[in-house]
There are 2 protein chains.
Amino acid sequence: MRTRSGQKEQNIWQAAVREFARHGYHQAKISRIAEGAGVATGSVYLYFKNKKQLLEKILADVWQNLAQEMEALVTRKDLNAVEKLEGMVDLVIDMFTDNPSLAIVVVNEHSQTRIAQPYYERFLALGRQVLEEGIATGLLNPHLQVDVTSQFIFGGVRHLIHLWAQSPRQYPLNKIRREVKLLLKRGILTEVQ
Amino acid sequence: MRTRSGQKEQNIWQAAVREFARHGYHQAKISRIAEGAGVATGSVYLYFKNKKQLLEKILADVWQNLAQEMEALVTRKDLNAVEKLEGMVDLVIDMFTDNPSLAIVVVNEHSQTRIAQPYYERFLALGRQVLEEGIATGLLNPHLQVDVTSQFIFGGVRHLIHLWAQSPRQYPLNKIRREVKLLLKRGILTEVQ
DNA sequence: CCAAGACCTGAATGAATATTCAGTTTAGAC
DNA sequence: GTCTAAACTGAATATTCATTCAGGTCTTGG
């Protein structure tokens, strides 16, 4: 008999992220992914059912990781809602810091998969939950529409991460991080004294 | 001789928007676009060089229209910077009100075209310009990073429009419109008295 | 009317590449 | 050392359309 090295699946996963990021899902070639992973074309199909499932696996992994970390953040008792929101922004930004390719794939291919993504839903629900907690504790404006607000923030952050992935110099993550937090809390108007 | 009806190009343009919106650029079929426009497959190539150029034309048309209307808005003397920003949000939302398919195409396929999009650049530049005007007149927070801020707003609005296009009931445009303006101006914190 | 020439058609072509699978290699059991 | 079964290979297959183009069809000027 023979056992899988355990390394190949991860190599393919990573090579696929690079390939999807560089060429986009539809222009990505299985043969190039295999080459990038140092395996034969057919071996990709030993670990993933097909090209589509490979993309879905990547996205699902990302949302699962994020949802898991957010879950821990949201249940902390030592942070108020605003601090949790800032922590969420940090979590998302940190996730991509070491992997611009992954950022590009998540941002660009997110709408490719029409299937329900449970972990992505969980991620969004946790965002709404923190906003509601903030309203309940009087920290946040009670007139906020939590669903629209959370999606607006998500869309803004997603777009900025995409820009960073394409031009890290022009949109450094720390600048993005700081600015998003400021905008969130205070909006654009001159500070009221 | 024979002259073009002038109707066919527009029919193809509209059919392509529907097809791109429903199936995404890469799954879209020229044959279905032709069918939707009531012409033969080959006729698409009388009006557009190829599939890619058809998408580019659609996106360019959208950004050209928006940039043009924004240009008029930005040069108005009777509005201050905040009113202009609100007007810009209205412009973007109004553009898609009658055409959810177009909204989906613009949002989903925006990153498909790697070519420079002059009108899109113009659109972004006008946004930055209004923010700078607002800072100069003391209306807006002088610590704003105008490039990051304008992109954040753009990303948030883009995402919300996408959600509306997919579930108009859950994310009605008027709710989006109101919420975005509030968030922009005041952020999420409880109003300071 | 009747060329003339542009418009229009849609089946055929060709290219691209996801997926398969018959054959080869190798790790581990005995 | 030998055998076995799973892992692995990569050329061949099969499919899917974008694009072409040879042949028809209209519209208009004279």
Side-chain angles (χ1 to χ4, degrees), chain A residues 1-60 101 105 108-109 111-115, chain B residues 1-61 101 104-105 108-109 111-115:
Chain A
M1 273 191 282
R2 196 177 170 188
T3 46
R4 291 183 173 179
S5 73
Q7 191 64 76
K8 286 200 173 71
E9 179 170 353
Q10 204 179 339
N11 286 349
I12 294 169
W13 194 97
Q14 288 167 349
V17 168
R18 290 194 300 273
E19 175 74 7
F20 288 150
R22 182 181 295 273
H23 299 283
Y25 174 71
H26 290 284
Q27 302 305 317
K29 295 188 193 177
I30 296 290
S31 58
R32 268 200 304 247
I33 291 174
E35 192 185 3
V39 301
T41 302
S43 295
V44 173
Y45 291 86
L46 298 174
Y47 294 90
F48 301 93
K49 186 160 165 284
N50 52 36
K51 186 178 173 183
K52 186 173 182 182
Q53 201 220 42
L54 181 45
L55 173 63
E56 282 166 2
K57 184 67 166 46
I58 291 170
L59 296 179
S101 293
V105 174
N108 278 341
E109 314 300 345
S111 54
Q112 287 296 337
T113 60
R114 288 261 184 267
I115 61 159
Chain B
M1 275 190 281
R2 194 176 170 189
T3 47
R4 289 182 174 179
S5 73
Q7 191 64 77
K8 286 201 174 69
E9 179 170 354
Q10 203 179 339
N11 286 350
I12 294 168
W13 193 98
Q14 288 168 348
V17 168
R18 290 194 299 272
E19 176 73 6
F20 288 150
R22 182 180 297 271
H23 299 284
Y25 174 72
H26 289 285
Q27 301 305 318
K29 295 187 191 177
I30 297 289
S31 58
R32 268 200 302 246
I33 292 174
E35 192 184 4
V39 301
T41 302
S43 294
V44 172
Y45 290 85
L46 298 174
Y47 294 90
F48 301 92
K49 186 161 166 281
N50 53 36
K51 185 179 173 183
K52 187 174 181 181
Q53 200 219 44
L54 181 45
L55 174 63
E56 283 165 1
K57 184 67 165 50
I58 290 170
L59 295 179
D61 285 354
S101 292
I104 290 180
V105 174
N108 278 342
E109 314 300 344
S111 54
Q112 287 297 335
T113 61
R114 287 263 184 268
I115 63 160

Contact class for Phe48(B) vs. all strands (heavy atom < 4.0 Å): base, sugar-phosphate, or nothing? nothing

Residues Leu46(A), Glu9(A); criterion side-chain contact (heavy atoms from CB on, under 4.5 Å); working and verdict: CA-CA 9 Å; Leu46(A) 298 174; Glu9(A) 179 170 353; over 6 Å; no

Distances under 3.5 Å between protein N/O atoms and the N/O atoms of nucleotides 12-16 of chain D, please, pair by pair.
none

Using the side-chain contact (heavy atoms from CB on, under 4.5 Å) rule, take Trp13(B) and Asp61(B) through it: C-alpha gap first, then chi angles, then the decisive distance, then the call. CA-CA 10 Å; Trp13(B) 193 98; Asp61(B) 285 354; 2.9 Å; yes

Looking at dT9(C), I'd like to know if its phosphate oxygens (OP1 or OP2) sit under 4.0 Å from a side-chain N or O belonging to Ser43(B). yes

Pairs involving residues 41-51 of chain A, ordered by first then second residue, that meet salt bridge (Lys or Arg N to Asp or Glu O under 4.0 Å) (sequence neighbours left out): none

Starting at CG of Leu46(A) and ending at C1' of dT9(D), how long is that distance when rounded to a whole Å? 9 Å

Let me know the distance between NE2 of His23(B) and C1' of dA18(D), rounded to the nearest Å. 16 Å

Is there side-chain contact between Glu56(A) and Lys52(A), with at least one heavy-atom pair below 4.5 Å? yes

If I take atom CG in residue Leu55(B) and atom P in nucleotide dA18(D), what distance separates them, rounded to the nearest angstrom? 13 Å

Measure the distance from CZ on Arg4(A) to C1' on dC8(D) and round it to the nearest whole Å. 10 Å

Starting at CD of Glu35(B) and ending at P of dT9(C), how long is that distance when rounded to a whole Å? 13 Å

Are the side chain of Glu109(B) and the backbone of Tyr25(B) linked by a donor-acceptor contact shorter than 3.5 Å? yes

To the closest 0.5 Å, what do you measure between CZ (Arg18(B)) and CD1 (Ile104(B))? 13.0 Å

Considering all heavy atoms of both residues, which atom of Phe48(B) and which atom of Gln53(B) are nearest to each other, and what is their separation? CA-OE1, 3.7 Å

Categorize Val39(B) for me: base, sugar-phosphate, or nothing, with a 4.0 angstrom heavy-atom threshold over every strand shown. sugar-phosphate

Ignoring backbone atoms, establish whether Thr3(A) has a side-chain N or O less than 4.0 Å from OP1 or OP2 of dA27(C). no

When you compare the side chain of Gln14(B) with that of Gln10(B), does any pair of heavy atoms fall below 4.5 Å? yes

Between Tyr47(B) and dC8(C), does any side-chain N or O lie under 4.0 Å from OP1 or OP2? yes

Which donor-acceptor pairs under 3.5 Å do the side chains of residues 32-45 of chain A make with protein atoms, sequence neighbours left out?
residue  : atom : partner  : partner atom : Å
Arg32(A) : NE   : Glu19(A) : OE1          : 3.2
Arg32(A) : NE   : Glu19(A) : OE2          : 2.7
Arg32(A) : NH2  : Glu19(A) : OE2          : 2.9
Arg32(A) : NH2  : Gln27(A) : O            : 3.3

Taking the nucleotide of DNA chain D with the nearest heavy atom to each, does Lys51(B) or Gly38(A) sit closer to the 5' end? Gly38(A)

Rounding to 0.5 Å, atoms CG (Leu54(B)) and CD1 (Ile12(B)) come to a distance of 8.0 Å

Output all residues satisfying ring pair (Phe, Tyr, Trp, His ring centres under 6.0 Å) with Tyr47(B), sequence neighbours left out; order by chain, then residue number. none

Sorted by number, the residues of residues 7-20 of chain B with heavy-atom contact under 4.0 Å to DNA chain D: none

Take atom CD1 of Ile30(B) and atom P of dT13(C), then tell me their distance rounded to the nearest Å. 21 Å

Short N/O separations, protein against nucleotides 21-25 of chain D, under 3.5 angstrom:
residue : atom : partner : partner atom : Å
dT25(D) : O2   : Arg2(B) : NH1          : 3.1

Are Leu55(B) and Val105(B) packed together at the side-chain level, in the sense that at least one heavy-atom pair is separated by less than 4.5 angstrom? yes

